[in-house]
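Numbers here simply count residues along the sequence, with the first being 1. Only this structure's heavy atoms are used, side chains among them; waters, hydrogens and symmetry mates stay out.
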Amino acid sequence: MIRFLFVACLGLIIFGNTAQAQSYPTCFNAQNIPVSYFPDQTIPDIAIAKNAPNGMPVVLWNPSVTANMHPATVEFFYYHECAHHALAHTLGNYFPGAEAQADCWAKKTMIGIGVLTPQKYQVVAQQLFQNSKPGMDWPNGAVRVQYLNNC
């Protein structure tokens, strides 16, 4: 028992941030398969939704990046990446507008289950405004937040 507690405490010290995404409800893809989350410090972004070589839905997230973000923003990205799986973007249905669709799905889902308060949304919007890189669906963070405000 003492050995188990030692190993558990050591795991929390070493992988403390990796448990962060696991505290949210299980995400399912469009085929109702649970999505697994794995830390990966080599990805150049917050997270990425994809299918593993065996076809299983996964999200890789960078704990070095999320460590510098507000927990509300990390939670938003958990739902954003879940959206890519739930909306079948990872099954060949990725298109211009998919990132904006994932943002909107994340916001609506979080509101629907009662985890996105107005205060948390303000934090998320501020971090998106300041830190969003231009992408397929928005030239800058201001456009991304404007779209998110309107969805």
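Look at R144 and E99 and you find no salt bridge, because none of the NZ, NE, NH1 or NH2 atoms lies under 4.0 Å from a carboxylate O.
Side-chain contact between L87 and N93 is absent, with no heavy atoms from C-beta onward closer than 4.5 Å. Counting only heavy atoms from C-beta outward, the side chains of I111 and K108 never approach each other to under 4.5 Å. At a threshold of 4.5 Å between non-hydrogen side-chain atoms, the residues C82 and W105 count as touching. Looking at heavy atoms from C-beta onward, P63 lies in side-chain contact with Q41 at the 4.5 angstrom threshold. Between F129 and Q146, every side-chain heavy-atom pair lies at or beyond the 4.5 Å cut-off. In this structure, M110 and Y78 have side chains that are not in contact, with every pair of non-hydrogen atoms separated by 4.5 Å or more. Under the 4.5 Å side-chain criterion, counting only non-hydrogen atoms from C-beta, Y37 is not in contact with V58. For the pair K133 and D45, the minimum side-chain heavy-atom distance is below 4.5 Å.
Cation-pi geometry between K107 and F76 is not met at under 6.0 angstrom from the ring centre and within 45 degrees of the axis.
Of all heavy-atom pairs between V59 and A47, the closest is CG1-CB, 4.1 Å. A pairwise comparison of heavy atoms in M56 and N54 identifies N-OD1, 3.0 Å as the closest pair. Between I33 and P57 the shortest heavy-atom distance is CG2-CD, 3.7 Å. In this structure, V145 and Y121 approach most closely via the heavy-atom pair O-OH, 4.2 Å. Scanning all heavy atoms of the two residues, the minimum distance from A30 to A88 falls at CB-CB, 3.8 Å. The heavy-atom pair separating A49 from E81 by the smallest distance is N-OE1, 3.1 Å.
A donor-acceptor pair shorter than 3.5 Å can be found between the side chains of Q101 and H89. Side-chain contact annotation: D103 with Y79, donor-acceptor N/O pair under 3.5 Å absent.
Here the CG-CD1 distance, from D40 to I48, works out to 9.5 Å after rounding to the nearest 0.5 Å. Rounding to the nearest 0.5 angstrom, the gap separating the CG atom in N140 from the CD atom in Q130 is 13.0 Å. W138 contributes atom CH2, which lies 8.0 Å from atom CG of L128 (distance to the nearest 0.5 angstrom). Between H85 atom NE2 and S36 atom OG the span is 9.0 Å, to the nearest 0.5 Å. Atom CG of N68 sits about 12.0 Å away from atom OG1 of T73, to the nearest 0.5 Å. Rounding to the nearest 0.5 Å gives a distance of 9.5 Å between CG of L148 and OG of S132.
Residues Y24 and V35 are members of one and the same hydrophobic cluster, defined by side-chain heavy-atom contacts under 4.5 angstrom among Ile, Leu, Val, Met, Phe, Trp and Tyr.
By the 6.0 Å contact criterion, NZ on K120 is enclosed, its count of non-hydrogen atoms from other residues, nucleotides or ligands being greater than 12.
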Next item on the list: Dump the intermediate steps for side chain to side chain contact (heavy atoms under 4.5 Å, CB included) on W61 and T66, then the final yes or no.
Entry: CA-CA 8 Å; W61 58 282; T66 60; 3.4 Å; yes

Next item on the list: Please assess N29 against T90 for the test side chain to side chain contact (heavy atoms under 4.5 Å, CB included), listing each intermediate value before the final yes or no.
Entry: CA-CA 9 Å; N29 76 355; T90 60; 5.6 Å; no

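With sequence neighbours excluded, the residues satisfying ring-ring contact (aromatic ring centres under 6.0 Å, His included) with H80 are F77, H84.
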